[in-house]
Every structure is written in C-alpha cells, then in structure tokens.
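Below you'll find the structure, written out as structure tokens, and then a few comments.
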Amino acid sequence: MPDDRRVLRSTSRARRTALVWWVLAPVLLLSQLAFLREFHDVLTLHRSGRFTYHQSDVWRLGTAPVDSLSRFLGEADRLIPAGSRVIFSSRASPDDQAGDRFAWAAYLLPRHRLIARQSPAPEADYWIAYRTSAGGAEEGAGHPRLEVLLDEPDGRVYRVEK
Amino acid sequence: MSLLALVVAATLLGSAWGHRICDPRASRPYRALAFFLTGLLEIHLLLRVIGAAGLPRSLGLIVPSLLISYLVTRRFSGGGSGGSDTRPEPARVRLGWGDALAAIPWVSFAALSWQQKIVAPAFIHEWGLEARRLFWNPGDVLPVPGLLPDLYALTAELGGGFRESEILLWSAVFFLGILIGAREILARDGASPRRGANAALGDGHQLTLAILGFSLAALGIGYPLAGSPDWLTALVLVAAVPALAAERPGRHQDLQIGVLAALACATDRAGLCLAGLLIAAHGWQRVADQRRGLPNARSPAGAGSPAGARSHPGLTPWATTYRPPGSGATGIALRTALPVIAVVASWLLVMPFSELRQLIGVGLPDFARLPAALAEAAGAQSFAASSGLILGLLPLPLLYLTREFRLLAVVVTLLGAGFLSAILVIPADTSALVASRLPLFALHVVPAVIAACGVVVERWRRPLQATAGSSEVRPATGEVFDSADARHPIDEEWSELASHWNLVLLWTQRNIKLRYKRSLLGVMWSLLEPFAIITTLVIVFSAVFRFEVPSYPVYILSGWILWDFFSKATMAMTDEADDGWRLSSRVRAPRSAFLVAALLTHLFNWSLALLITAGALVVLGHPFSPALLSLPLVMALTAVFALGIGLAVSTLSVFFSDFGLLYRVLLTIWLYATPIIYPLEIIPEKIRPLFLLNPLTHILALVRAPIYAGSFPPLSTWLIAVMLSLGAFAVGWWVFTASRDALGYRT
C-alpha cells in the first residue's frame, strides 16, 4: 500500500526541482553567453591587430607595440650595467599615456632603477629616449653631458656624463 | 613544469600538518587544497626569512630548507597519512555534469592565460614587476605584501627563466582552487550525515557549480585578470566557508582560519580587511560555543560525527563541558592569530612600522562621496559579461536566513562596507574608482556567496528526509531532549511562519470580512476615506498655501497612498499584538502569523486604493506609463519595510505599553518629515540631508516615479530602498524573535 505522505512529498519535490531548473537554467545560460562573448571578444581583439603605440593603456604581452618596445629595451639592457639609474622618456600621445609606457619599460627592465623624466637629470646614469621627437636626437644630440650609446629608429640610449 | 613542481611541493609541505589543518571528513581534493594553501604560506614565510637574513635566494638553500621544514612539522604535528585508525575516512568525490561544465570555462581561461592574451594590468604594474625584480636582483628590497611576487619569482627560478606563460597559469591554479572549494561547500551539504555519506551532488548543486565556472571565467577573461592577486583572495574566502559554517568548529578550524587569514594578508593589501573579519567571525563563534558549553569536534563529547555526543549512551554531564588543554580563549586566539602575526612580522623585518602604515594607507573616508559611489555601483551593474558577476550578491539575504551561513553573510556585508570605505578614503574620481574596483570586489566575495546559495537552493529543492545510506544514529523522537539541537528563534519562527501560511491567509480574509461586514458601503470605505483626505489636502495646499508643483493632485495622491498603507499597517500590527497573540497563547500558532496577516490586510486595501489612483489619473488627464508595471515590486518592498517597523513596534509596545501610544505621536511627526504634501526642493539645502535620512523619503521616490513622473525609478533609488527595506526587516525580525518567548508571559 503506497504511503500517501511519501507520494505527497515526492510531488512537492518534483515541483521544486522544476522550479529550481526554471530559475537557475536561464542564469546558467546567461553566464554561458557572457563567457562566450568575452572569449570571442578577446580572440577578435588579438586577431584584429588594433594595438597601437598610442593606446598603451590596453597593451598586452605579445602584441606588436610591446614586442617593439621589448626588442629596443633588450638592446639597451645589454649596454647598461645592472642596478643603474635610468631615465625613461617616451613621446607624449594626445591623451598622454606616457605613464603606461613607463610601467611597461619598468617591467621590461627589471635590473635597473627607472626614473620617469622627459629630459636628462644629474641623478641618472643613463637616458633612454623611446620614440621621442626625432628619436630623442633633438634633445640629446646637442647636450654636452650626453654620450650616444645606441641609435635606432625607435629611439636612442645615452650615457649621462657626471 | 616548474609550476606543477611547486604546486606538488606546496601540497606535500602542507600535508605534514595532516589532520591538524583540515577536517578529516573533508573530501580529498579539499584536503589537498588546504594542504596546498598551508604549504604556500610556509614557502612564503621561509623566503621572507631567507631574504631578511640577507642570504641568497638560491634553490640550493631553498630546497633543503623546505625539506627540513617538512620533516620538522611532520615530526611535531603528528601529521601525514599515518594516524589513528578511528579517524573518519575522507568523503568520496563523485564527479557530475556540473563539474564537466565548469571544467570547460576553466580550461579556456587557462589556455588564454598560457597564451598571455588576458594579462591583468596589475601584473605589469605591480605583481609581475616585483617578481621580475626579485628574480633579477635577488638582493633587492622585498615587496610588501609579497606572496605572489615570491611565488612568481620562485617559479621562474625553478624554470630557469622568467616565462610569463607559465607564471600566469598560477591564476588558473587559484581558479581551480575556487571551484574545488565551492564544490566542497556544496558536497558537504550533499554528504552530510543527514543526507547520507557520499551522496552525489543534486541538480541545484550542479547548476551552481556550472554557473560559478562560467561567470568566473567571463570576468577573468573580460576584465582581464590573469596574474592578478584577486584570485587568491577569492580562494581564501571560499576555502574559509567550510570552517565558518562548521557546526562545532574545533582546533583544525582555528588553524585553518589562521592560515587563510595569513594568506589573505600576504596576498594583497585588500586582504587585510578579509583577514581581520575571518579571525573576528571565527573567534566570535568559538567563544559563543564555549559560553553555551557546546563540545567541539576535538573534545571526547564531540568526537567523530557532530551528533556523537548526543548519541553516546553513557554520556555524563561533565563530558559535554569537557575542554581539552589549549581549547580556551587563549589557545583559540593563538591558533588563529599566530600565522597572521608571522606574516606581519616578516613585513617588519624589511620595512619600519611608519613606512608600513603609509603603505597600508589608513585614512578617514569622505562620506560626502557616498551617494555618488552607491549610484555608480548601482549603475555599473550592467549585464555585460565582465561586470555581471556582482549580481551574484543579490541572493545574499538568503544567507542571513540560514544559520550556518550567517557568519559568511556578515563577513561579506562588512567586506562590502570596507570596499565602500576604501573608495571613500582614496582621493580620486569616485566613478572611475568604483568602475575599476567593483568587479574585483565581486571576484573576492561572489564565489563564496554563490556556492552557499547553491546549498540553500538545493536544501529547499530536496527537503530533509531519511536516506537509505544515512550513517547517523539518532535517538528516537522524544527519548532525549538536547538543547543543543534547538534551532535559533530566528530560524524557528521563519519555518513556523512558512508552515502556517494557510493560517495567515485565513486570518487576512477574516480581517477583511470583519472590517466591512456590518458597514453599509462595505469595501467602498477603503476608497472613500483616502479620497476624502486627498481632496481636502489638494484644496488646502493648492488653493490656500499654493505649492508650485505641476499636477499637484497626482503628486499628493501618489504620496498619500503610500503613507496611508504604511501608517495603518504598522498601527494594525501593534493592535494585533494584543488581540492575535492572546489567541496564540491558547492554540499552537506562530505569533508573527497575526502580524503578517494584519500587513496583508492593508496591502489588500492599498491595492484597492490604487483603483482611485487610476481613476484620478484618467479624470485629471495624467498620462499612464509602462513604468506603472513596477508598482507591485514597489509595494512588496514597502510591505517588507512596514513589516520590519511593525514587528519592532508591536514587540516594544508589549513590553512598554506607552510605546504604542508614543508611536502614534511619532507617526504624526513622521508624516510631516516625509515629503508627501510638499516637494523636497522647498526644504533649505542645509537641512535637506536630514530629510534624506528618513527611509520613507527614498521609498516614496520609488512610488512617485512611476505614478507621478511616469518613469522607472533609477537603479540607485532601487538599491537604497532594497537596503532600507531589508535592513528594517532584519532589525524588526531580530527584535521580535529575540523576545518571542517572553511575549507569552506579557500578553
């Protein structure tokens, strides 16, 4: 003989299970859609190649501007002794994201102490001018206390004479 | 490979603590997670000591030190796989479809991290930068807090080079830890003695796990967050939930909370707040348990299953209050606070206290920016993938209603308050701060909240019942009364109210019938009374005093129907405290049922009054708006607010009979302090903030927006009204249930 209470309980449980599915399944669907959208957006962003020098706030590792900066700073790193005090300056963009480029330079030059300045200062040992106007040549060439160590299209590396 | 080696090494190192650091009944993955986190902390502290001593951070020194640490810990803690045969077996894990679904977003996140496509800006600016400095300049000043830089640098040292691909995978490891922790929260419910050991996860559990996996991956990819410390902070909170929700926490919960709090400190400055709250919440629970004389899991009375003490046939009264050495308040404080003290001491080794204080940046919050911060927080909750996770906080009130997750709910609420204060302390653009930090706050707290809510949902779906595999031996009903089994009045009254819902509806019908039974006009009185009052007010204030408000009759009408409901409902609840409660002293019925019935009676009257409103809008030529569809939700919120006030007032009026009369006087003042018959704009700017402290002002804005302005209320108004309503309800319910038993002697 069936237990009426058990039948009642199982009916209630079935209803509740259905309700849980009705409530949580759309939430799951939404979270899946959100995930797919973000996944798609990231892949599209990296394939589009929209990372430019001026938008340094959205630079990512492995993108063209970071690779370019990394190559240049790699060359500079070989010329500068570890632990040196180095000024890093870069060309100001319209929205002035030089701070972001400085952070990337600090990340890529971990052996040195970077100083954020736009011109040579006496407390620095070296000056890296990355994509400043004319590659830093205008500021640096005529300066009596600067010696050019590296001259590349992306920028220049100077030793600051004491 | 170096990452894998470090994960294994940390887990082995932590396993030396054995059962001291983790509940022996926990599942194997969760035990491994607890060991891994303990091992991470040990590695971090060891590296700090090596760095502070000025020794080289070479593998030749680190590996032997770790080995010695493992052997010493194992020797003195009695940890490892050996031990007593009577120790319970860890719960088995049965993977389900929820695990499979959650694995998909986790693998995707790990793959994108490996490809360096979702690197967090914080990794470049802070954590990765510090790690690279540590890697290239081993003698440099150690960063504070510095667990992640230490870990990243050690991974690079083991791998022979700083490869971001591998280092960024640490975030995927922590993500996996969050899923394991969440699964443990869900599975403990499924495998609890009441449900039968090794029970598979239910539908609600599986859905929760899958939702959590996809939401976290969406945030981590969209924000982006690979390499960020926030994963570890989130993992700490999730891993702490089983200890916070433990029925009778013991020593291993003390140590576990201590280790997790220390990890939170060592991870990020934001973790300091979490660490303090975890220690305070756990300490409070332990002290409260001791005051009640409850045995903990380590005492002979509480050994084994939670019901061990109660089912033991030879239990003597002293056994229930027996406390082993070291289980006093000092022992608890030492176990929970020592790991944190060790972490902070390691900071003081590398920098003086004054610098440390400056780094932590304690300041006074600027509360003038609070409305802007709240509005921005409400506005930022779009359904966009990367910011939608914050919506996971919506079911937080559910956790307040569940006894075992109440501490978690309190911790999360206070973390939210801490988040807001941090925003108000920093002198920067409030909108930008909220927009950038809200998703991180969501990542810290939402996984734990979602997992706990999964338990609540599943319990509701599958009510408690005896199962075939139940391992619990419970005495037959009526044989033994154990006061430790008694539920908290807050829970008990709630369950009683839910089970007597039919009585509430019947009592509401009775109230409505009684009110209009002998009157000539019947239900028409609920229309005529407010109509007469509103007509009088319109004549007085538009013809005599002349407020320059367009469509003034609609303006005053929209405010008056709210006030009419609120004042009458709360006064009726106070009256019901005398009449209905006398009945409940003779028949078994929850006292709150009569108060809720009084509220529903007036909610019915308010619905009728809306008919007047609709008629008035037609007569006055005021346009109808689709925003009127939001009125049911507004009414529900107002009812929750009124219920909270009514519960508190009716309880107080039983104890102090003058309070009921005083409340009527207060209502008159409250009416004129609420901008119902006058616009808020006529109040001088200087004292207007005082009017904004009135909760009804905000609820009134919700009612007025759809009826008078014809627009949906802004999200910030909704948010404030929801907070006020739930806050008033929580306070009222607490006041009522706290004195529930004493009410029987007063009525």
Side-chain angles (χ1 to χ4, degrees), chain A residues 5-6 9-10 12-47 51 56-63 66 70 77 82-83 99-114, chain B residues 98 101 104-105 108-109 112 115-119 121 123-126 128-137 140 162 164-165 168 202-204 206-208 210-224 227 383-386 388-389 391-392 454 457-458 460-463 465:
Chain A
R5 281 177 301 176
R6 186 167 293 174
R9 186 187 286 155
S10 65
S12 165
R13 191 167 153 181
R15 279 185 193 157
R16 289 178 178 208
T17 302
L19 195 60
V20 165
W21 271 97
W22 273 106
V23 172
L24 290 189
V27 179
L28 175 61
L29 193 65
L30 269 178
S31 61
Q32 285 173 329
L33 288 175
F35 162 73
L36 287 175
R37 182 184 149 190
E38 295 294 3
F39 193 81
H40 171 263
D41 285 355
V42 163
L43 292 184
T44 313
L45 182 71
H46 278 264
R47 281 182 193 146
F51 295 99
S56 47
D57 57 333
V58 293
W59 281 3
R60 304 273 169 89
L61 282 170
T63 56
V66 174
S70 179
D77 192 34
D100 292 307
R101 286 192 287 276
F102 178 81
W104 276 98
Y107 179 81
L108 295 169
L109 288 175
R111 297 192 310 136
H112 312 294
R113 293 176 187 176
L114 253 63
Chain B
L101 273 181
I104 296 170
S108 311
F109 177 82
L112 289 175
Q115 293 175 351
Q116 306 172 21
K117 290 189 189 306
I118 49 172
V119 183
F123 179 81
I124 302 298
H125 296 166
E126 193 169 0
L129 170 66
E130 299 285 6
R132 279 173 71 90
R133 282 186 177 152
L134 274 180
F135 178 68
W136 290 105
N137 316 305
D140 230 358
F162 201 93
E164 281 89 353
S165 297
L168 291 171
D203 285 4
Q206 310 259 16
L207 280 163
T208 306
I211 289 169
L212 184 61
F214 280 106
S215 319
L216 281 181
L219 179 72
I221 294 170
Y223 196 61
F383 285 86
S386 57
L389 191 66
L391 295 175
V457 166
E458 182 62 16
W460 178 79
R461 184 187 78 83
R462 200 167 53 169
Q465 54 189 315

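Residue numbers start from 1 in every chain, and the chains themselves are labelled A, B, ... in the order their sequence lines are given, proteins ahead of strands. The structure displayed is predicted, hence computed values, not measured ones.
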Residue [X] versus chain A: region with a heavy atom under 4.5 Å:
X	result
I221(B)	both
F123(B)	both
P121(B)	neither
L101(B)	side chain

One option among S108(B), G128(B), A217(B) has the most heavy-atom pairs under 4.5 Å with chain A, and it is S108(B)
Closest-packed option against chain A by number of heavy-atom pairs under 4.5 Å, given L129(B), I211(B), I118(B) = I211(B)
N/O donor-acceptor pairs under 3.5 Å from side chains in residues 104-112 of chain A, not counting sequence neighbours:
residue	atom	partner	partner atom	Å
Y107(A)	OH	E164(B)	OE2	2.6
R111(A)	NH2	D77(A)	O	3.4
R111(A)	NH2	D77(A)	OD1	3.3
H112(A)	ND1	P81(A)	O	3.3
H112(A)	NE2	D77(A)	OD1	2.6

Least distance between heavy atoms, [X] atom then [Y] atom:
X	Y	answer
K117(B)	H46(A)	O-NE2, 3.2 Å
A218(B)	E38(A)	O-CG, 3.5 Å
G62(A)	Q116(B)	N-OE1, 4.4 Å

At what distance, to the nearest 0.5 angstrom, does [atom1] of [X] lie from [atom2] of [Y]?
X	Y	atom1	atom2	answer
L212(B)	L28(A)	CG	CG	11.5 Å
S31(A)	L216(B)	OG	CG	10.0 Å
L43(A)	Q115(B)	CG	CD	7.5 Å
F214(B)	F39(A)	CZ	CZ	11.5 Å

Return the set of residues passing salt bridge (Lys or Arg N to Asp or Glu O under 4.0 Å) with E126(B) (not counting sequence neighbours), or none when no residue passes.
-> R269(B)
Does CH2 belonging to W21(A) count more than 12 external heavy atoms closer than 6.0 Å?
-> yes
Answer whether the closest heavy-atom distance between the side chains of I124(B) and D100(A) falls below 4.5 Å.
-> no
Heavy-atom proximity to chain B below 4.5 Å, by part of L19(A) | side chain
Applying a strict 4.5 Å limit to non-hydrogen atoms, the region of L45(A) in contact with chain B is neither
